[in-house]
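Okay, structure first, notes after.
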Amino acid sequence: MLTASGIVRSDIRSSFGSSSTMAPGLPMALTISLVNTNASCAALAGYAIYLWHCNATGKYSIYDLPAENYLRGMQVTDSNGQATFQTIFPGCYAGRYPHIHFEVFQSLATATAGSNVVLTSQMCLPRDIATSVYGTNSSLYSGSSANLAQVTIAGDNVSGDNTAAQIAAQTPSLSGTATAGYTGTITVGVAS
């Protein structure tokens with residue numbers, strides 16, 4: 001996906017290329033701030049962030065839905081080290097806690113060449129908000145409430161070995177409602 005024409009975009013809700021399908025779901029604007037942990041958390045401008053996650057029913061474009069490439073996109077951080085993605089609140093699929101994947105590259109050139117990833121990680125969504133989103137929008141997020149009831153961050157096969165402090169750092173701060181949507185922020189430290 002990193003080399004695909006059209007991957008560099010802020011609104012990742014629709015597919016691009018041969019399909020223009022829009023992923024249904026509760027709107028969410030997510031701002032990621034990259035900081036350099038080796039330089040007093042100075043902003044990392046000009047870095048590329050590739051972000052992807054599942055749709056409202058827990059399916060991934062490309063993998064589960066090969067005709068689609070929505071909910072995937074890349075941006076370059078601005079002078080404040082920030083990039084904002086317009087997306088949807090992801091669903092919860094069996095066995096995994098609700099999450100969003102991302103990769104960080106030192107530049108757009110290295111990212112679109114598909115090489116030299118600096119950081120590969122994920123963020124976890126706040127449980128209380130996920131519960132509200134899935135309950136309020138149950139027909140849209142089919143199965144997510146039941147899947148969320150079966151998993152915790154501690155029991156997640158990726159995040160389960162993280163400390164409470166690490167989980168807190170990997171959880172974006174969200175504001176909004178389960179009917180209108182959310183805006184969120186998260187700061188990601190990179191040793192650069």
Linking Ile, Leu, Val, Met, Phe, Trp and Tyr by side-chain heavy atoms under 4.5 Å, what else ends up with Tyr60? Met1, Leu2, Ile7, Val8, Phe16, Tyr50, Trp52, Ile62, Tyr63, Met74, Val76, Tyr93, Phe105, Leu108, Val117

Closest approach of Ser145 and Gly135, non-hydrogen atoms and distance? OG-N, 3.8 Å

For a quick test of reading the model, state the closest non-hydrogen atom pair linking Ala56 to Ser144 and the distance between them. O-OG, 3.5 Å

Rounded at 0.5 Å granularity, tell me how far OG in Ser14 sits from CE in Met22. 5.0 Å

Report the residues that fulfil side chain to side chain donor-acceptor pair (under 3.5 Å) with Thr112, sequence neighbours left out, ordered by chain and then residue number. none

Side-chain atoms of residues 83-90: list all donor-acceptor pairs with protein atoms under 3.5 Å, sequence neighbours left out, distances to 0.1 Å.
residue: Thr84; atom: OG1; partner: Thr31; partner atom: OG1; Å: 2.7
residue: Thr87; atom: OG1; partner: His53; partner atom: NE2; Å: 2.6

Given side chains that start at C-beta, do those of Leu26 and Tyr141 come closer than 4.5 Å, heavy atoms only? yes

Sequence neighbours left out, what passes side chain to side chain donor-acceptor pair (under 3.5 Å) with Tyr70? Give chain and number order. Asn55

Listed partners of Ser40 passing side chain to side chain donor-acceptor pair (under 3.5 Å), at least two apart: none

Applying side-chain contact (heavy atoms from CB on, under 4.5 Å), name anything that partners Thr3, two or more places apart in sequence or on another chain. none

Using every non-hydrogen atom in the two residues, find where Ala146 and Gln150 come nearest and quote the distance to one decimal. O-CG, 3.3 Å

Heavy-atom closest pair (Ser19 atom, Thr21 atom, distance to 0.1 Å) is OG-OG1, 3.0 Å

side-chain hydrogen bond (donor to acceptor under 3.5 Å, both in side chains) partner of Glu68, the single match among Ser20, Ser15, Ser61: Ser15

Can you give each donor-acceptor pair under 3.5 Å made by side-chain atoms of residues 122-133, sequence neighbours left out, with the distance rounded to 0.1 Å?
residue: Gln122; atom: OE1; partner: Arg96; partner atom: NH2; Å: 3.1
residue: Gln122; atom: NE2; partner: Ser159; partner atom: OG; Å: 3.0
residue: Arg127; atom: NH1; partner: Val151; partner atom: O; Å: 2.9
residue: Arg127; atom: NH2; partner: Leu148; partner atom: O; Å: 2.7
residue: Arg127; atom: NH2; partner: Val151; partner atom: O; Å: 3.1
residue: Thr131; atom: OG1; partner: Arg127; partner atom: O; Å: 2.9

Which residues pass the salt bridge (charged side-chain N to carboxylate O under 4.0 Å, His left out) test with Asp11, sequence neighbours left out? Arg13

With sequence neighbours excluded, what pairs up with Thr152 under the side chain to side chain donor-acceptor pair (under 3.5 Å) test? none

Stepwise, does the side-chain contact (heavy atoms from CB on, under 4.5 Å) test hold for Ile49 with Gln75? CA-CA 5 Å; Ile49 302 171; Gln75 285 192 69; 5.6 Å; no

Determine the minimum heavy-atom distance between Asn80 and Asp78, stating which atoms define it. N-OD1, 2.8 Å

Does anything in residues 27-44 form a salt bridge (charged side-chain N to carboxylate O under 4.0 Å, His left out)? List the pairs, not counting sequence neighbours. none

Heavy-atom pair with the smallest gap, counting every atom of Ser79 and Ala43: O-CB, 4.0 Å

Only pairs under 3.5 Å count here: list side-chain donor-acceptor contacts from residues 183-192, not counting sequence neighbours, and write none if there are none.
residue: Thr183; atom: OG1; partner: Ser175; partner atom: OG; Å: 3.1
residue: Ser192; atom: OG; partner: Tyr47; partner atom: OH; Å: 2.4

Hey, are the side chains of Leu30 and Leu51 touching, using non-hydrogen atoms and a 4.5 Å cut-off? yes

State plainly whether one hydrophobic cluster holds both Tyr97 and Ile167, where clusters connect Ile, Leu, Val, Met, Phe, Trp and Tyr through side-chain heavy atoms under 4.5 angstrom apart. yes

Sorted by chain and number, sequence neighbours left out, side-chain contact (heavy atoms from CB on, under 4.5 Å) with Ser107 holds for Ala109, Thr110

